[in-house]
Amino acid sequence: MENRKCQVNLAGIGMGSKGTLTEEVRKIIVESDVLIGAMRMLEGFREKKKCCYAEYLPEKIRAILDEQEEKTRCTVLFSGDTGFYSGAKKLYGLLSSEKEWNVRAVSGISSVIYLAARVGKSWEDAKIISMHGRSQNFIYAVANHEKTFLILGKSAGKEICEKLKYYHLEQVTVSVGNHLSYPDEEIVIKKGNELQAE
């Protein structure tokens with residue numbers, strides 16, 4: 001059997017601050033020879049001894065991995081958790097389908113888990129919808145579930161406010177988290193009719 005080129009970890013780094021790293025992921029990063037991820041993911045982890053590549057597209061990451069020597073320890077960094085609306089899914093499929101790589105996914109802390117803990121709510125009975133780069137019928141979910149978590153992109157706030165008002169859901173309690181885990185973290189809890197889109 002041909003030796004595999006390198007060990008590849010797909011690691012979730014939580015929200016981004018070092019405080020939300022699991023000890024397992026912290027150890028993997030320290031022991032890695034190569035780090036790959038979006039520029040924001042690499043911030044705080046660059047070391048002179050490490051080779052870092054700012055890249056997030058699966059095909060380009062695959063090309064970087066192709067260039068690594070056998071037994072090199074490579075880690076690709078992803079925000080949040082690798083199993084929760086993560087780019088790790090596509091990359092894992094791309095690498096593991098070729099049976100050339102020793103690929104391992106390592107979970108991190110997702111924004112849903114973090115925000116739920118910060119506002120003192122459980123999340124096992126929540127409807128979870130990602131609106132990050134996609135259109136979703138979140139109003140149906142909000143109207144029919146006691147708890148709904150919406151993962152938002154930068155421009156979704158206005159749509160949320162407008163639709164809550166249009167569908168007469170202004171009395172729904174909304175918890176909004178921004179810059180979670182960072183020093184400028186902000187969590188606002190208001191009724192739908194008190195929210196203002198930025």
Ignoring hydrogens and geometry, is there a side-chain-to-backbone donor-acceptor pair from T20 to S17 under 3.5 Å?
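Checked: pair present.
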Cluster check [X], [Y]: I/L/V/M/F/W/Y, side chain < 4.5 angstrom:
X	Y	value
L150	I139	yes
M15	I13	no
I160	V176	yes
V103	I64	yes

Test log, rule side-chain contact (heavy atoms from CB on, under 4.5 Å), inputs L57 and E55 = CA-CA 6 Å; L57 296 173; E55 187 54 68; 3.5 Å; yes
Return the minimal non-hydrogen interatomic distance between [X] and [Y], and the atom names on each side.
X	Y	answer
T82	L10	CG2-O, 3.4 Å
G12	V25	O-CG2, 3.5 Å
A141	I129	CB-CD1, 3.4 Å

L21/I29 under side-chain contact (heavy atoms from CB on, under 4.5 Å): CA gap, chis, key distance, verdict
CA-CA 10 Å; L21 275 178; I29 290 171; 4.3 Å; yes
When rounded to the nearest 0.5 angstrom, what is the spacing between [atom1] in [X] and [atom2] in [Y]?
X	Y	atom1	atom2	result
F84	K89	CZ	NZ	12.5 Å
D81	S86	CG	OG	7.5 Å
F78	L91	CZ	CG	5.0 Å
L180	I187	CG	CD1	6.0 Å
I128	F149	CD1	CZ	7.0 Å
L94	W101	CG	CH2	9.5 Å

Considering only heavy atoms from C-beta outward, does the side chain of [X] approach that of [Y] to under 4.5 Å?
X	Y	value
S79	M41	yes
L35	Y53	no
V34	T72	yes
L65	C6	yes
N9	V76	no
L77	L42	yes
Q68	R73	no

message: More than 12 heavy atoms of other residues, nucleotides or ligands under 6.0 Å from CD of E69: yes or no?
response: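 At most 12 heavy atoms, drawn from other residues, nucleotides or ligands, come within 6.0 Å of this atom.
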message = Is it the case that over 12 heavy atoms from other parts of the model lie below 6.0 angstrom from the OH atom of Y140?
response =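 Not more than 12 within 6.0 Å, no.
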Could you tell me whether E23 and K27 have a side-chain N and a carboxylate O separated by less than 4.0 Å?
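A salt bridge is absent here (no side-chain N lies under 4.0 Å from a carboxylate O).
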| said: According to side chain to side chain contact (heavy atoms under 4.5 Å, CB included), who are the partners of E24, at least two apart in sequence or on a separate chain? | reply: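 E24 satisfies side chain to side chain contact (heavy atoms under 4.5 Å, CB included) with T22, I28, R104, V106 once adjacent residues are dropped.
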With sequence neighbours left out, what residues match H179 under side-chain hydrogen bond (donor to acceptor under 3.5 Å, both in side chains)?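 Checked H179 against side-chain hydrogen bond (donor to acceptor under 3.5 Å, both in side chains); matches are D184.
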- [ ] Applying side-chain hydrogen bond (donor to acceptor under 3.5 Å, both in side chains), name anything that partners K163, two or more places apart in sequence or on another chain.
- [x]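 Only E159 meet the side-chain hydrogen bond (donor to acceptor under 3.5 Å, both in side chains) criterion with K163.
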Please list, one pair per line, the donor and acceptor atoms closer than 3.5 Å that link side chains of residues 108-127 to other protein atoms, with sequence neighbours excluded.
| unit_1 | atom_1 | unit_2 | atom_2 | d |
| --- | --- | --- | --- | --- |
| S110 | OG | I113 | N | 3.3 |
| Y114 | OH | S181 | N | 3.4 |
| Y114 | OH | E185 | OE1 | 2.6 |
| R118 | NE | E185 | OE2 | 2.9 |
| R118 | NH2 | E185 | OE2 | 2.5 |
| S122 | OG | K147 | NZ | 2.8 |
| D125 | OD1 | K147 | NZ | 3.0 |

For residues 166-177, which residue pairs pass the side-chain hydrogen bond (donor to acceptor under 3.5 Å, both in side chains) check, not counting sequence neighbours?
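Checked against side-chain hydrogen bond (donor to acceptor under 3.5 Å, both in side chains) - neighbours excluded - the pairs reaching residues 166-177 are T173-K191.
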- Task: Start with the C-alpha gap between V8 and Y92, add the side-chain angles, then the distance that decides, and say whether side-chain contact (heavy atoms from CB on, under 4.5 Å) holds.
- Result: CA-CA 10 Å; V8 182; Y92 190 92; over 6 Å; no
Tell me every residue that passes salt bridge (Lys or Arg N to Asp or Glu O under 4.0 Å) with E186, counting only those two or more places apart in sequence or in another chain.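 E186: no salt bridge (Lys or Arg N to Asp or Glu O under 4.0 Å) contacts found.
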